[in-house]
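Structure first, commentary second.
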Amino acid sequence: MEESRFFGRQFDGVIAWGLMFLLTEDAQAKVVHKVAVALEPGGRFLFTAPQQACEWPDSLTGQTSRSLGSDAYRRLVGSAGLMVEDEADDEGQNHYVFVRKPGHGDSAV
């Protein structure tokens with residue numbers, strides 16, 4: 001994902017399920033900015049990461065996983081020209097961040 005050019009295409013949506021927190025903070029920022037470029041205006045981006053900033057060893061790889069936390073993700077998303085529309089948790093304590101690229105007539109906040 002860090003090196004992907006997304007096939008040189010534009011997309012209506014991108015999903016990063018269980019991925020973002022496996023990356024370093026710099027790599028997470030790089031991915032968000034790449035997604036912003038790859039999304040069509042009005043396109044959506046969904047990713048999962050714990051709501052609180054934290055680090056833990058990944059159970060499959062043993063590598064450090066890190067969530068930047070909701071406030072940092074909101075700043076990162078905004079700096080990429082995107083906007084967080086919503087956040088939600090499910091019964092399994094997964095935290096979802098729903099992002100949209102502004103379309104014509106609206107702007108990132």
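The shown structure was predicted, so the numbers you read here are calculated from the model rather than taken from an experiment.
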[X] vs [Y] side-chain heavy atoms within contact, under 4.5 Å:
| X | Y | answer |
| --- | --- | --- |
| H33 | L76 | yes |
| Q28 | R66 | yes |
| K30 | V32 | no |
| Q51 | S70 | yes |
| D58 | L22 | yes |

Around atom [atom1] of [X], are there more than 12 heavy atoms from other residues, nucleotides or ligands closer than 6.0 Å?
| X | atom1 | answer |
| --- | --- | --- |
| D89 | CG | yes |
| Q52 | CD | no |
| E55 | CD | yes |
| E40 | CD | yes |

Work out which heavy atom in [X] is nearest to a heavy atom in [Y]; give both atom names and the distance.
| X | Y | result |
| --- | --- | --- |
| P50 | S67 | O-OG, 2.5 Å |
| P102 | G81 | CD-O, 3.1 Å |
| P57 | G62 | CB-O, 4.3 Å |
| G103 | P41 | CA-CB, 3.9 Å |

With sequence neighbours left out, the residues meeting side chain to side chain donor-acceptor pair (under 3.5 Å) with T48 are none

The complete set of ring-ring contact (aromatic ring centres under 6.0 Å, His included) pairs with one or both residues in residues 48-84, sequence neighbours excluded, reads F21-W56, F47-Y73

From [atom1] ([X]) to [atom2] ([Y]), nearest 0.5 Å:
| X | Y | atom1 | atom2 | value |
| --- | --- | --- | --- | --- |
| E85 | E87 | CD | CD | 12.0 Å |
| D86 | Y96 | CG | OH | 12.5 Å |
| Q63 | T24 | CD | OG1 | 11.0 Å |

- Any sub-3.5 Å donor-acceptor pair from Q10's side-chain atoms to L39's backbone N or O? yes

Problem - Exam field: side chain K101 to backbone L82, donor-acceptor pair closer than 3.5 Å - result: no

### Query
With the 4.5 Å side-chain cut-off for hydrophobic clustering, are V37 and V14 part of the same group?
no

> Among the clusters formed by ILVMFWY side chains lying less than 4.5 Å apart, do L60 and W17 turn up in the same one?
Replying inline: no

Mind running side-chain contact (heavy atoms from CB on, under 4.5 Å) on V84 and F98 for me, showing each step along the way? CA-CA 6 Å; V84 173; F98 300 89; over 6 Å; no

